[in-house]
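Okay, structure first, notes after.
A note on names: the letters A, B, ... follow the listed sequences, proteins ahead of strands, and every chain is numbered from 1.
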Number of protein chains: 2
Amino acid sequence: MKKYTIKDIAELAGVSKGTIDRVIHNRGNVAKDVEDKVKQLLSDIDYQPNLIARNLKNNRIYQIGALLPDPKKDAYWEVCSDGIQQALSEFSAFDIRMNTFLFDPTDTKSFVAQHKKLLDSAPDIILMVPLFYKEAKTVLEQYKSLNIEVCTFNNQIDASSASFIGQDLYQSGRVAAKLMHSIIDNGDMAIIHIDEKYKNAVHMQEKEKGFKSYFEDLNGFKDAILKCKIRYTETEDKLRDFLKDHPNLTGIFVTNSKAFHVARLLESENKNHIKLVGYDLLAENVNYLKDGVIDFLIHQNPRQQAYLGLKFLIEHLVFEKEIPGKHLLPIDIINSENVKPFLRA
Amino acid sequence: MKKYTIKDIAELAGVSKGTIDRVIHNRGNVAKDVEDKVKQLLSDIDYQPNLIARNLKNNRIYQIGALLPDPKKDAYWEVCSDGIQQALSEFSAFDIRMNTFLFDPTDTKSFVAQHKKLLDSAPDIILMVPLFYKEAKTVLEQYKSLNIEVCTFNNQIDASSASFIGQDLYQSGRVAAKLMHSIIDNGDMAIIHIDEKYKNAVHMQEKEKGFKSYFEDLNGFKDAILKCKIRYTETEDKLRDFLKDHPNLTGIFVTNSKAFHVARLLESENKNHIKLVGYDLLAENVNYLKDGVIDFLIHQNPRQQAYLGLKFLIEHLVFEKEIPGKHLLPIDIINSENVKPFLRA
DNA sequence: CGCATAACTGTGTTCGAGCACAATTTATGA
DNA sequence: TCATAAATTGTGCTCGAACACAGTTATGCG
């Protein structure tokens, strides 16, 4: 129960604290028999260094670099800064400096350019959203060769050693399917990808797979699952045509945060009977959720993703904790009645 | 940007660090003009003491007392200890000792008895589940007069100054109603209270109110909302009778963690068409959720409640942070597809 | 054996805040 | 005026880990 200090151990071992220190940090210059004895003692009493004292001595300024999408270009990212602020305030006892570089989420060049600036700022460790697969992979390799640890969130870049925080997208497709299944009786469904064009579409494909797999697992399911890919610029016309072509649609699943486009159309064309499930708590989505045009939203919780990522990084720097290789957040189901606390949390 | 130390300020003010320290802690024995000057300086540069150094010096052992329901008597409480462990591990840098006293959640006497033991352990601060309204009120007043701060969770005791962490129960009733409304077409509904007898029933009443209020807000809603109170010991018979008496029931809302009792009956009587919404991720509930007998569960997240409560207390002791007066957790909607990560998180 | 060098071990300072106590200045009264 | 008390200010040690450097013992070799 008692907490041992280096001094205590020195007395127990009959040597000076300098020797204990050399053993703990494997700094050599210790007689073999003494080293063995001290190591035994350390493990016997399960010595845990006082991290407070260690940090006081180290007294370092930690530089954390962040490479994040610009919230001005896509409101989805707005809440990330809240999560970052929360983590910083929890660790305000330590001197942690953040250098944040924002890139345009529609522009791979901007990503690379901001990455270069980030590198110049000589960060100890990095938090990033690896939005573009190819570019991110190169960038991550570069950090690896420099021995700078990275925590990524939102997108998982496979075959990278970087740690990842996010959701199981396949499973979130299944969640959407289950929700859809519980609110529609029968009739055709559609999966709509409103492609922001810039994102490599792995995201949406995973969700589609999960959605389909749920219905394939049901026996005796007969209705059709249609699919529709729409470019961001031509959204409205294409959507209107699609609805006209498929008059007996009963449910629509939008695989990203753009469900409000569909909601707008459903409302203006008085097709409220079509159930709608989408992603993310953008203000426009939330409004349609409250109005009953959108039935469910799945919350990807970018705020929590950023918070956790930064927290892991700080705990690694300060307490030498391991950064988890992969951390999956729960998939939050949101309807009009439980949305409120999620907007701030 | 630079972090000022007491020594820096002493130099700036042209006095010694002892004087700065006296001003900061209002320990008197400082000439009026010097005091004013130093105070001005402190606020000018927005001095923040180095909490690492402060904690090293203080080097206190913090004693936290906990008064919690025994998980052996009700599985709902099992996950609390996970939350407590997580908080302790996050603050393992500090010497925090927990004395946990478990009471029988069916027995007010046990609550009072364990409270007395807790008092004898001379805690600096207390975490508790104030399960029994009357007794908890007395107990909380006692702590208040002793100037021991308390954080409560799960139950809110109004008119107490203790901080509270939990959910908005009225709103969670509304969430249940919205879910029910989205999965049933029409027909009668029932609110079933399976009273554990020991809890003052405020909990379930709030949920009932919320549930009803949702349907009252709809215009043109005509179906009946029945109500059924069942004592824990006579559950099965009473339930069977109730179902027989109301053959055109389409939805059942169970206001606590006992939905599995209803699920068991629905399954054995082949009444799977009746939709079922309940609370809490007990193993039995989760099984019926996966089997499709229970449609939705609302997660009250006792693990997170305990975690946050303890975290607030520790941050108060260690960093002198304010304990939030009231912290409401989001209301998590769980179906068979998103349940998994909630079981561990 | 003597002496250089290597191998090992002990001492003392630092980080910043907090506090006891010593030291200094100012006020008071005979 | 001077002793003494009161008010004010300064100094130095502590907390525990980390590390530089000084000190000590052992080993090798001519």
**Request:** Quick one: which residue pairs count as a salt bridge (Lys or Arg N to Asp or Glu O under 4.0 Å) with a foot in residues 40-69 of chain B, not counting sequence neighbours?
**Result:** B/R54-B/E320, B/R60-B/D124
**Asked** Which residues pass the side-chain hydrogen bond (donor to acceptor under 3.5 Å, both in side chains) test with A/D36, sequence neighbours left out?
**Response** A/K32
**Message:** Just to verify, what does B/I61 make a side-chain contact (heavy atoms from CB on, under 4.5 Å) with, not counting sequence neighbours?
**Reply:** B/Q63, B/D95, B/R97
**Residues forming a side-chain contact (heavy atoms from CB on, under 4.5 Å) with A/P71, sequence neighbours excluded** = A/W77, A/E78, A/L102
Below 3.5 Å between N/O atoms, which protein atoms pair up with nucleotides 20-28 of chain D? Just atom names and distances, please.
none

**Request:** State whether the distance check finds a donor on one side and an acceptor on the other, under 3.5 Å, for side chain B/K57 versus base D/dG16.
**Result:** no
**Asked** How would you list all residue pairs meeting salt bridge (Lys or Arg N to Asp or Glu O under 4.0 Å) that involve residues 139-149 of chain B, not counting sequence neighbours?
**Response** none
**Asked** Can you name the side-chain hydrogen bond (donor to acceptor under 3.5 Å, both in side chains) partners of A/K117, sequence neighbours left out?
**Response** A/Q114
**Fill in**
5'-most to 3'-most nt of DNA chain C touching chain A (<4.0 Å, heavy-atom partner on protein side) reads C/dC8 to C/dG16
**Message:** Looking at A/H25, I'd like to know whether one of its side-chain N or O atoms comes within less than 4.0 Å of OP1 or OP2 on D/dC19.
**Reply:** no
**Request:** Kindly write out the residues that satisfy side-chain hydrogen bond (donor to acceptor under 3.5 Å, both in side chains) with B/Y47, not counting sequence neighbours, or none if the list is empty.
**Result:** none
**Asked** By side-chain hydrogen bond (donor to acceptor under 3.5 Å, both in side chains), which residues pair with B/D168, not counting sequence neighbours?
**Response** none
**Message:** Check B/K39 with B/E35, please: is the shortest side-chain N to carboxylate O separation under 4.0 Å?
**Reply:** yes
**Request:** Ignoring backbone atoms, establish whether A/T5 has a side-chain N or O less than 4.0 Å from OP1 or OP2 of D/dG16.
**Result:** no
**Asked** Where the side chain of B/T19 is defined as all heavy atoms beyond and including C-beta, which of D/dT9, D/dG16, D/dA18 is the nearest nucleotide?
**Response** D/dT9
**Asked** Among residues 32-53 of chain B, which contact DNA chain C at a heavy-atom distance under 4.0 Å?
**Response** B/Y47, B/P49, B/N50, B/A53
**Item:** Ring centres under 6.0 angstrom apart (A/Y62, A/H316)
**Value:** no
**Prompt:** Quick one: bend of the helix from C/dC1-D/dG30 to C/dA30-D/dT1 from 5 pairs per end, to 10°?
**Reply:** 70°
